[in-house]
Amino acid sequence: MSKLNVDQKTIKNLLSDNKADFLIPDYQRPYAWDAEKECFTLWEDVFTFAIPEGDADKFNRTTAEYYLGPIVTFKNDNGQMEIIDGQQRLTTIMLLLRAFYSRFEKMKDKQSQLLREMIGKCIWKTDEFDQPDMNLLKINSEVATDKDKEEFLAILKDGVVNDKMKSRYADNFRFFQSKIDEFVADYPAYFPYLPSRILNNCILLPIEADVQDTALRIFSTLNNRGKALSDADIFKAEFYKYYSKLGRKDEFIKRWRKLEEICEKHLHSNSGTPMDELFSRYMYYERAKKGIKRSTTEALRSFYGANNYALLQSDETLCNMELLADFWNDVYSMSDDRFSLRVLRQLFVLNYAPNSMWTFFVSVYFLCCKDANNQLDDEKFYKFLTKSIAFIWAYAITNPGVNALRTPVYAEMVNLVNGEEVDFAEFRFPLQQTANQFNNYNFYNGRPITKSMLVWWCMQNDKQVLPSLDTIFEIEHIYARNRYDMEGSLSSRDIVEMLGNKSILEKRINIRASDFKFADKKKYYGGYTTSKGEEKKATSVEELKQLAKDKSDFTEDDIKNRTSVILESFRKYLDEQGLIK
């Protein structure tokens with residue numbers, strides 16, 4: 001069982017302890033507190049606490065306490081306290097104390113010198129005579145992606161900022177210096193009380209775990225405001241250690257930043273950071289290489305942490321992840337330099353898949369099938385995407401739920417790494433049973449497969465232009481739902497929700513095309529000119545533009561016929577992909 005040490009302490013008691021030796025580890029994020037926001041709030045809070053109503057005499061030093069928050073750490077192999085939570089506040093407290101220390105250097109009275117010595121023991125380690133050694137700070141930073149960390153350490157050591165220093169550390173140190181100067185000018189008699197009360201009455205809650213994982217779990221439980229350390233932050237530290245041993249630390253930092261930029265731009269995750277999403281997509285390739293077909297998926301940290309993070313002690317892993325990130329950058333940018341138009345059309349459809357499994361599947365395909373130039377054979381990739389769409393769409397109706405999809409897709413991932421073609425041979429769909437399931441399926445708007453089917457159908461039209469991925473499409477009822485309520489001209493309200501009555505439509509148009517009369521919808525589908533001469537663009541959905549030209553109304557027969565055409569077309573699509581048995 002993991003051990004914890006939890007002991008509420010004043011700033012003075014925590015930092016002046018001879019054992020205090022804090023490390024902001026390489027996997028932490030750069031310092032982010034801002035002078036005009038967080039630092040201002042901290043100053044106002046401690047000032048109001050220490051000098052209540054502007055009167056130092058109203059403070060009760062025996063009972064008054066101001067809670068600043070927890071500091072979650074664990075002791076690393078070097079005996080240092082690695083900070084998991086509290087990095088921002090502890091860094092800022094150190095800057096504040098250093099600003100007070102610098103101010104006391106100008107004051108020669110005994111009280112000021114005592115406070116200066118007290119603060120000094122919080123910033124620096126002490127020698128055997130209990131005197132601060134100004135070469136040994138009680139906090140250090142190894143944050144891999146923080147280019148300004150040396151500036152932080154220099155400010156603590158020297159108490160000096162020059163005009164060339166532009167970091168947040170320098171800005172915040174200047175801020176505290178200015179607030180201290182203002183305080184001395186406005187309350188000269190009260191000045192010693194403020195730092196004394198910050199040291200003796202402001203409370204931190206140090207929580208010391210014996211191992212990193214325990215500290216991370218505690219942080220996740222306690223923290224509901226700050227950003228938790230992501231899996232990618234931990235993995236970054238392992239990469240950093242590996243490349244540092246090779247003497248390639250700076251190279252790694254540069255490469256990691258580029259990866260982060262790509263992921264922040266394009267990748268999104270429901271449960272983690274964009275970089276976590278990249279690690280997830282890459283994980284499926286490594287799982288497949290190990291021949292893993294089981295439907296249960298390990299947590300990222302468990303998978304990559306196996307054998308003491310052996311997978312991250314490899315140049316190949318980072319190189320593969322960079323290639324994968326570049327590939328997805330081109331997918332989401334719809335790069336016609338990398339992909340043909342027909343491939344881009346299929347990728348567009350997949351972006352409306354009923355679940356995210358396709359992103360893992362395509363990632364494995366890319367890493368398995370790329371050539372020496374990191375490109376894919378267009379014909380083979382097109383066939384793979386087409387078959388994937390057919391299978392995933394049909395499986396979402398016949399076997400709903402992403403968990404069900406894992407079994408066939410994981411098996412095909414293993415086939416890919418073994419050089420075999422994707423065929424889903426063991427999971428083909430029975431003709432009559434599948435037809436019945438599709439015909440009886442209720443394509444409600446709330447079901448993701450409904451929009452998936454509509455996007456697929458839209459892109460079956462050879463004249464359909466390829467929309468931008470940034471376009472926001474909504475589901476349009478061609479025969480409006482409120483038309484049934486007003487006219488009652490259908491035999492059943494269920495007809496309104498049939499697939500044949502639905503289409504994708506740009507949100508900008510869907511908002512305006514909500515009138516229950518088809519005759520009024522037509523102008524929005526086809527575009528028109530307002531009475532003021534303003535041009536309103538037509539939809540990009542080719543079928544709706546054609547309906548606007550060909551029809552004066554959209555009736556129950558039209559809905560039923562269109563439903564039959566869409567479903568029969570999809571059945572043929574499945575058959576063409578060899579997925580019907």
Side-chain angles (χ1 to χ4, degrees), residues 7-17 20 31 33-71 86-124 132 138-139 155-156 159-161 168-206 225-226:
D7 186 13
Q8 178 175 295
K9 292 184 178 182
T10 65
I11 289 178
K12 176 188 172 183
N13 288 340
L14 176 65
L15 297 181
S16 64
D17 190 321
Y31 183 56
W33 275 25
D34 181 81
E36 298 303 321
K37 295 178 183 178
E38 293 88 356
C39 290
F40 177 82
T41 300
L42 175 65
W43 176 267
E44 290 295 305
D45 287 349
V46 296
F47 173 78
T48 302
F49 163 73
I51 315 294
E53 300 176 30
D55 187 349
D57 294 334
K58 292 185 177 181
F59 183 85
N60 187 333
R61 69 185 183 88
T62 59
T63 60
E65 291 184 344
Y66 182 76
Y67 179 63
L68 289 169
I71 304 290
Q87 164 203 357
Q88 304 287 332
R89 70 176 63 92
L90 188 56
T91 298
T92 307
I93 288 169
M94 283 293 202
L95 290 171
L96 174 60
L97 293 180
R98 189 60 177 88
F100 274 117
Y101 186 89
S102 295
R103 181 70 193 198
F104 281 125
E105 286 181 323
K106 304 173 184 179
M107 300 179 175
K108 304 303 180 183
D109 61 283
K110 184 177 180 180
Q111 193 177 51
S112 296
Q113 290 306 305
L114 286 172
L115 279 167
R116 183 169 178 267
E117 182 179 346
M118 192 186 303
I119 293 171
K121 291 179 180 180
C122 293
I123 299 174
W124 294 281
K138 286 193 170 179
I139 189 169
I155 291 170
L156 290 187
V160 175
V161 290
R168 288 183 182 270
Y169 301 111
D171 288 343
N172 294 349
F173 186 71
R174 292 187 189 99
F175 170 81
F176 288 131
Q177 284 183 312
S178 67
K179 300 306 288 186
I180 290 170
D181 288 343
E182 290 175 13
F183 181 68
V184 171
D186 294 340
Y187 302 91
Y190 291 165
F191 177 63
Y193 294 106
L194 180 56
S196 175
R197 291 166 185 179
I198 290 174
L199 288 168
N200 293 305
N201 297 87
C202 286
I203 305 297
L204 290 164
L205 183 66
R225 292 179 296 171

Novice: When rounded to the nearest 0.5 angstrom, what is the spacing between CG in Leu204 and CG in Leu15?
Specialist: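 The CG atom of Leu204 sits 7.0 Å away from the CG atom of Leu15.
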
Novice: If you measure only the distance, is there a donor-acceptor pair under 3.5 Å linking the side chains of Asp109 and Ser112?
Specialist: yes

Novice: How long is the span from the CZ atom in Phe104 to the CE atom in Met118, to the nearest 0.5 Å?
Specialist: 9.0 Å

Novice: Show your reasoning for whether side chain to side chain donor-acceptor pair (under 3.5 Å) applies to Asn13 and Thr10.
Specialist: CA-CA 5 Å; Asn13 288 340; Thr10 65; 3.2 Å; yes

Novice: Would a distance-only check, ignoring hydrogens and angles, find a side-chain to backbone donor-acceptor pair under 3.5 Å from Asn201 to Ala64?
Specialist: yes

Novice: Once salt bridge (Lys or Arg N to Asp or Glu O under 4.0 Å) is applied, what residue pairs with a partner in residues 40-56 remain, sequence neighbours excluded?
Specialist: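 Those involving residues 40-56 are Glu53-Lys58.
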
Novice: Using a 4.5 Å cut-off on heavy atoms from C-beta on, say whether the side chain of Phe100 contacts that of Leu96.
Specialist: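 Yes. Closest side-chain heavy atoms under 4.5 Å.
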
Novice: Is a side-chain donor or acceptor of Lys138 paired with a backbone partner of Lys121 at a separation under 3.5 angstrom?
Specialist: yes

Novice: Less than 4.5 Å apart, any side-chain heavy atom of Asp34 and any of Cys39?
Specialist: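 SC-SC contact between Asp34 and Cys39 ruled out.
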
Novice: Taking all non-hydrogen atoms of both residues, which atom of Cys122 and which atom of Leu97 are closest, and how far apart?
Specialist: CB-CD1, 4.1 Å

Novice: I'd like to check Met107 versus Arg116 (side-chain heavy atoms, cut-off strictly below 4.5 Å). Are they in contact?
Specialist: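 Met107 vs Arg116: side chains apart.
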
Novice: Please report the closest heavy-atom contact between Tyr169 and Leu95, naming both atoms and the distance.
Specialist: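 Minimum heavy-atom separation between Tyr169 and Leu95: O-CD1, 4.0 Å.
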
Novice: Side chains of Ile51 and Arg197, heavy atoms from C-beta outward: is any pair under 4.5 Å?
Specialist: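 Ile51 vs Arg197: side chains touch.
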
Novice: Does the pair Tyr31 and Arg168 meet the rule for a side chain to side chain donor-acceptor pair (under 3.5 Å), with working shown?
Specialist: CA-CA 7 Å; Tyr31 183 56; Arg168 288 183 182 270; over 6 Å; no

Novice: Apply side chain to side chain donor-acceptor pair (under 3.5 Å) to Asp17 and list each qualifying residue two or more places apart in sequence or on a separate chain.
Specialist: none

Novice: Check the orientation of Phe191 and Phe183. Use parallel for under 30°, tilted for 30 to 60°, and perpendicular for over 60°.
Specialist: tilted

Novice: Distance from Arg98 atom CZ to Phe176 atom CZ, nearest 0.5 Å?
Specialist: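 Interatomic distance, Arg98 CZ to Phe176 CZ, rounded to 0.5 Å: 14.5 Å.
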
Novice: In Å, rounded to the nearest 0.5 Å, how long is the span from OG1 of Thr92 to CD of Glu38?
Specialist: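 Rounded to the nearest 0.5 Å, the OG1-CD separation comes to 8.0 Å.
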
Novice: Taking all atoms of both residues into account, what is the closest heavy-atom pair of Trp43 and Phe175, and its distance?
Specialist: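 Closest approach of Trp43 to Phe175, heavy atoms only: CB-CE2, 4.2 Å.
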
Novice: Compare all side-chain heavy atoms of Gln113 with those of Lys110 and state whether any distance is below 4.5 angstrom.
Specialist: no

Novice: Tell me, do Trp124 and Tyr101 make a side-chain contact under 4.5 Å, heavy atoms counted?
Specialist: yes

Novice: Taking all non-hydrogen atoms of both residues into account, name the closest pair between Trp33 and Gln88 and its distance.
Specialist: NE1-CB, 3.2 Å

Novice: Would you please test Ile155 and Val161 for side-chain contact (heavy atoms from CB on, under 4.5 Å) and show each step?
Specialist: CA-CA 7 Å; Ile155 291 170; Val161 290; 3.7 Å; yes

Novice: With rounding to the nearest 0.5 Å, note down the distance linking CG in Asn60 to OG1 in Thr63.
Specialist: 3.0 Å

Novice: Over 60° means perpendicular and under 30° means parallel, so classify the ring planes of Tyr187 and Phe47, tilted if in between.
Specialist: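 Tilted: the ring planes of Phe47 and Tyr187 meet at 30° to 60°.
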
Novice: Arg103 side chain to Gln177 main-chain N or O, any donor-acceptor pair under 3.5 Å?
Specialist: no

Novice: Restricting to non-hydrogen atoms, name the atom on Leu68 and the atom on Arg89 that form the minimum distance, rounded to 0.1 Å.
Specialist: O-NE, 3.2 Å

Novice: I would like to know whether Ile71 and Leu205 meet side-chain contact (heavy atoms from CB on, under 4.5 Å); could you show each step before the answer?
Specialist: CA-CA 6 Å; Ile71 304 290; Leu205 183 66; over 6 Å; no

Novice: Provide the closest heavy-atom pair for Phe173 versus Ser102 in the form atom of the first, atom of the second, distance.
Specialist: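 Looking at all heavy atoms of both residues, the closest pair is CZ-OG, 4.1 Å.
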
Novice: Rounded to the nearest 0.5 Å, how far does CG of Leu14 lie from SG of Cys202?
Specialist: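 Nearest 0.5 Å value for the SG-CG distance: 12.5 Å.
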
